[in-house]
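We're numbering straight along the sequence, starting at 1. What you see below is based on every heavy atom in this structure, not just the backbone, and it leaves out hydrogens, waters and symmetry mates.
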Amino acid sequence: MHKFFKISTGIVAFLAALFVGTRPINAQTEKPSALVKVGNFTASTDFLNLSQYFEVTRTIKLKVNFVPSHKVGHALSRDLTLPAGTVVAGNLTSTKSGDFLVPTLQLYLARLSYPLIHQSAPAGYTIDPGAGAYDPQATLKATDKLTAFKRIPAPDFMPGYSHGDLYLGGAQAALSSEETTTASVRVTPDGYLEYMKYDDKANAGLGFMQKPTGLAKITKTDFHDPDRVLYFSHDIKGLKTKRVSHTGLYQYRVTLKNLHDPQHNAGNEDNGIAGTFDSLYRIGGKTYFTFIGYDGVSG
């Protein structure tokens with residue numbers, strides 16, 4: 001029993017070292033089990049969004065489920081191709097298999113850009129996001145697939161503790177029990193900024209996952225807290241950007257300004273409903289909110 005445990009943890013350590021690479025993880029995320037200030041509250045990072053990020057070192061195909069976007073029907077399994085160099089959000093952990101601890105990589109592929117996902121989506125289908133924000137779309141245990149992913153620092157363009165989805169509405173919308181159905185700005189791990197309007201005809205949970213009104217590849221990021229200045233080679237339809245050049249890769253820019261005014265929804269401890277935190281950002285002259293985690297008081 002102990003012999004097997006030592007061997008399996010050795011494999012975990014080897015893969016972890018392989019994935020981490022040589023660069024330090026930047027201040028985009030905090031270490032697990034750390035205490036940080038979120039507004040007037042002290043929160044444990046164990047309850048905040050601490051996504052890890054991985055670069056694909058070779059082109060790889062993964063099986064994922066797609067669900068009907070507007071009609072009623074069954075999910076379809078299809079190959080999603082990730083080209084070498086693609087950055088994905090994930091979580092490297094381990095699961096027990098008999099007497100062994102098996103390295104396991106959970107991948108949050110629904111957070112990737114629309115152009116990448118749409119290449120593999122059957123007509124009229126959307127990648128299955130799952131029932132919650134932490135549901136992975138693929139879970140890998142095979143060593144030949146695991147070694148295709150190298151751990152890297154969190155990209156500077158990703159808002160702190162956020163999954164990259166920011167919704168129009170500010171503090172009032174963040175604290176509302178009603179689902180927001182206005183507009184969204186999405187920053188994807190593979191380096192796109194997408195602006196989308198809510199599709200009220202889409203099936204539940206898919207309204208903000210349809211074709212964006214406008215999108216652009218992020219060509220450069222200047223990050224000086226509280227501002228993340230993102231640059232693009234072209235404008236983004238629906239989103240107010242500023243033109244700063246007439247040629248090249250950095251013609252337009254938009255600033256994601258962290259207002260450092262987190263909103264706390266206390267939840268209901270008696271009923272086991274955890275409280276939540278949302279960050280507020282100013283983008284293109286409007287205020288957006290993004291879920292950053294739970295308070296850990298209940299639930």
Side-chain angles (χ1 to χ4, degrees), residues 8 11-12 14-16 18-20 49-98 100-152 154-155 158 163-165 186-192 194 196 199 202-212 215:
S8 56
I11 295 173
V12 174
F14 168 77
L15 287 171
L18 178 67
F19 291 161
V20 168
N49 299 331
L50 289 182
S51 292
Q52 300 169 353
Y53 293 87
F54 300 84
E55 182 180 347
V56 179
T57 59
R58 63 179 186 271
T59 298
I60 189 170
K61 292 184 178 181
L62 303 174
K63 287 288 186 184
V64 298
N65 286 333
F66 291 87
V67 294
S69 304
H70 298 90
K71 63 182 181 180
V72 176
H74 298 290
L76 299 177
S77 178
R78 292 290 187 271
D79 284 331
L80 176 64
T81 300
L82 302 181
T86 302
V87 175
V88 300
N91 178 40
L92 179 63
T93 182
S94 60
T95 54
K96 190 173 182 181
S97 177
F100 292 88
L101 284 176
V102 179
T104 303
L105 179 60
Q106 298 174 320
L107 295 173
Y108 306 115
L109 303 175
R111 303 180 196 170
L112 291 170
S113 63
Y114 181 85
L116 178 57
I117 295 174
H118 188 66
Q119 291 181 30
S120 301
Y125 281 73
T126 301
I127 191 170
D128 187 355
Y134 303 104
D135 287 357
Q137 283 66 53
T139 300
L140 308 182
K141 296 181 181 179
T143 302
D144 63 326
K145 289 189 179 296
L146 288 172
T147 54
F149 294 84
K150 179 181 70 174
R151 178 81 181 273
I152 64 170
M158 294 300 300
H163 293 320
D165 50 339
R186 293 184 69 229
V187 183
T188 71
D190 56 326
Y192 278 80
E194 302 177 341
M196 55 194 64
D199 184 348
N203 289 334
L206 305 180
F208 280 119
M209 299 188 68
Q210 305 310 306
K211 185 176 181 179
L215 60 83

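- A side-chain hydrogen bond (donor to acceptor under 3.5 Å, both in side chains) with Thr126 is found for exactly one of His70, His118, Gln210, namely Gln210.
- Taking Asp190 as the reference, Thr86, Leu112, Ser113, Leu116, Thr188, Tyr192 meet the side chain to side chain contact (heavy atoms under 4.5 Å, CB included) condition, with sequence neighbours excluded.
- One distance of note links CZ of Phe54 with CG of Leu82; it measures 13.0 Å at 0.5 Å rounding.
- In this structure, Val56 and Pro83 have side chains that are not in contact, with every pair of non-hydrogen atoms separated by 4.5 Å or more.
- Under the 4.5 Å side-chain criterion, counting only non-hydrogen atoms from C-beta, Leu92 is not in contact with Phe149.
- Contact annotation: the side chain of Asn203 never approaches that of Val67 to less than 4.5 Å [non-hydrogen atoms, C-beta and beyond].
- What you find for Leu206 and Pro129 is that their closest heavy atoms are CD2-CD, 3.7 Å.
- With 3.5 Å as the limit, one finds no donor-acceptor pair spanning the side chains of Tyr108 and Asn91.
- Across all non-hydrogen atoms, the minimal contact from Pro212 to Tyr114 is CD-CG, 3.5 Å.
- Residues meeting the side chain to side chain contact (heavy atoms under 4.5 Å, CB included) test with Ser120, sequence neighbours left out: Phe66, Leu80.
- Distance check, rounded to the nearest 0.5 Å: CD of Gln137 to CD of Gln106 gives 10.5 Å.
- Residues Ala110 and Ile117 share a closest heavy-atom pair of O-CD1, 4.0 Å.
- Annotation for Ala131 and Asp135: closest pair N-OD2, 2.7 Å, computed over non-hydrogen atoms.
- Not counting sequence neighbours, the partners of Thr104 by the side chain to side chain contact (heavy atoms under 4.5 Å, CB included) test are Thr93, Thr95, Thr139, Lys141.
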- request: Could you check Asp165 against Arg111 for side chain to side chain contact (heavy atoms under 4.5 Å, CB included), going step by step and ending with a plain yes or no?
  value: CA-CA 9 Å; Asp165 50 339; Arg111 303 180 196 170; over 6 Å; no

- request: Determine, stepwise, if the pair Met209 / Ile127 fulfils side chain to side chain contact (heavy atoms under 4.5 Å, CB included).
  value: CA-CA 8 Å; Met209 299 188 68; Ile127 191 170; 3.8 Å; yes

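- Tyr125 meets the side-chain hydrogen bond (donor to acceptor under 3.5 Å, both in side chains) test with no other residue; sequence neighbours excluded.
- Separation of atoms OG1 (Thr147) and CG (Leu140) is listed at 10.5 Å; rounding is to 0.5 Å.
- By the 4.5 Å heavy-atom criterion applied to side chains, Tyr53 and Met158 are counted as neighbours.
- Scanning for side chain to side chain contact (heavy atoms under 4.5 Å, CB included) contacts around Asp79 gives Lys61, Lys63, with sequence neighbours left out.
- Thr59 is listed as a side-chain neighbour of Thr81, based on a closest heavy-atom distance under 4.5 Å.
- For Leu146 against Pro103, the heavy-atom pair with the smallest separation is CD1-O, 3.8 Å.
- Side chains of Glu194 and Pro115 form a contact here, defined as non-hydrogen atoms less than 4.5 Å apart.
- Using modelled atom types, no side-chain atom of Ser69 and backbone atom of Ala202 make a donor-acceptor pair closer than 3.5 Å.
- A donor-acceptor pair is defined here as one N or O able to donate and one able to accept, closer than 3.5 Å; no such pair exists between the side chain of Ser94 and the backbone of Val102.
- Between Lys145 and Leu62 the shortest side-chain heavy-atom distance falls below 4.5 Å.
- Residues meeting the side-chain hydrogen bond (donor to acceptor under 3.5 Å, both in side chains) test with Gln52, sequence neighbours left out: none.
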